[in-house]
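Before any comments, here is the structure.
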Amino acid sequence: MKLHEYQSKDLLAKYGVPVPEGEVADNADDARAIAEKLGGNVVVKAQVLMGGRGKAGGVKLFTNANDAATFAKELIGKRLVSIQNPDGMVVEKILVGKTIDIAQEYYLSVLLDRNAQKNIVMISKEGGMEIEQVAEEHPDAIVKLEVDPAWGLCDFEVRDAVKQARIPKEAANQMVSMIKKLVKAFIEEDADMIEINPVALTPEGKLIAADAKVSIDENALFRHKEFDETSSDSAENAIEAEAMRRGIAYVNLGGEIGIMANGAGLTMQSLDEINAAGGKPANFLDVGGGAKADRVKSCVELIMMDPNVKGLLINIFGGITRVDEVAKGVLEAFDQLDVQLPVVARIEGTAVEEGRKILEGSRIIPAATVEEAAKKIVELAYA
Ligand code: GDP
Ligand code: MN
């Protein structure tokens, strides 16, 4: 789960990482008041969960509170579009921060490297808005430091990595200290990504986090009740937020064919078959093992919340899950929601005979295989 920049900075500040003074606002008046309090030299930053805000026009520097407020007014409610996020996101909140004088911009991140099977720290002297280009064209300019899961980081390793990254002497000690704090925060907060880009070096020789992106491992959210409210307002999609509240594994994929399957593997297969049949999946949804009619109904409801959905594919292989429970849930949901869309179901496994009987005479079209089901639903939905 991605945290906003202002939340990320608050979190890092708890670990002693230097961050600029600043406050979040959702209207121009508050933005003006914060800017005045900070002395007028402020940077106004869109709080949207996407990269490349600078290039998208979501970050601007000001020398007085009035101009900052005018820009805030313009920015709030606007949709920002970036290369990383062509669909864009609407700005609801802005961060008004004290402007830092920046002499140099460095890059620092901590993330899990699945190949190394370790957390790694990435350090670069070439920070700033072109870091993607640096990664592509000069990968050597990014130094990687593996964190040993048993021993953690030793001082000398961190020093060595900072030296390899050619961070200038006057900033090296502060960089070492910042890295250790980031790794501590990463582990204690169950983060799966922390990125500071840029780490700013001021003309006075101070290192400070000018930007911050933290993402928390969603599987660990039960340990972090402090993010409960965030989890719903920062989910990329309102349906995903609702799914999270219902404890259902749902990811919106933007297509037109709703998918309800059990088990991640079978769900992935359903997505593949829909794609192979020339359709676009609207979602990933795993009803989970042993789902009863209630849960199935709740899943159908979720899928139908997506206005893009033109048809539904049901792909259930009953193991612990009984197919008749699924059939009951689906029909109940259709009744209540008055579903008029085409629905094709491939059901197999435990209690399949009872399940088929329940579906007989309903609007659900049976299919013998997943491939056949995918072809049928694509044909009907896009007709
Ligand atoms: P991003 O584009 O979404 O990563 O947003 P950033 O917070 O990194 O801001 C984009 C760029 O704006 C940074 O790379 C900096 O060059 C610049 N910037 C952001 N905050 C400040 C600041 O306080 N002072 C100065 N001088 N530049 C800033
Ligand atoms: Mn940045």
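As the structure lists them, so they are numbered: ligands from 1, and atoms in each ligand from 1.
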Donor-acceptor contacts, no H, no angles, side chain residues 118-129, under 3.5 Å, sequence neighbours left out:
unit_1 : atom_1 : unit_2 : atom_2 : d
K118   : NZ     : E146   : OE1    : 3.2
S124   : OG     : E126   : N      : 3.0
S124   : OG     : A141   : O      : 2.8

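Checked for salt-bridge contact, D324 and R322 meet the test: a charged N lies under 4.0 Å from a carboxylate O. Ion pair K9/E5 flagged as a salt bridge, since at least one NZ, NE, NH1 or NH2 atom sits closer than 4.0 Å to an Asp/Glu carboxylate oxygen. Here E301 pairs with R246 in a salt bridge; the nearest charged N to carboxylate O distance falls below 4.0 Å.
Under 4.0 Å from any atom of ligand 1, one finds heavy atoms of residues V43, K45, G52, R53, G54, V59, L61, T99, I100, I102, E105, M129, N197, P198, D211, K213.
The number of heavy-atom neighbours closer than 6.0 Å to CD of E332, taken from other residues, nucleotides and ligands shown, is above 12.
In this structure, P18 and Q174 have side chains that are not in contact, with every pair of non-hydrogen atoms separated by 4.5 Å or more. For the pair F186 and K184, the minimum side-chain heavy-atom distance is 4.5 Å or more. At least one side-chain heavy atom of D211 sits under 4.5 Å from a side-chain heavy atom of K45.
Within the protein, the N, O or S atoms sitting under 2.8 Å from the Mn ion (ligand 2) are N197 O, D211 OD2.
With sequence neighbours left out, the ring pair (Phe, Tyr, Trp, His ring centres under 6.0 Å) criterion links F62 to F71.
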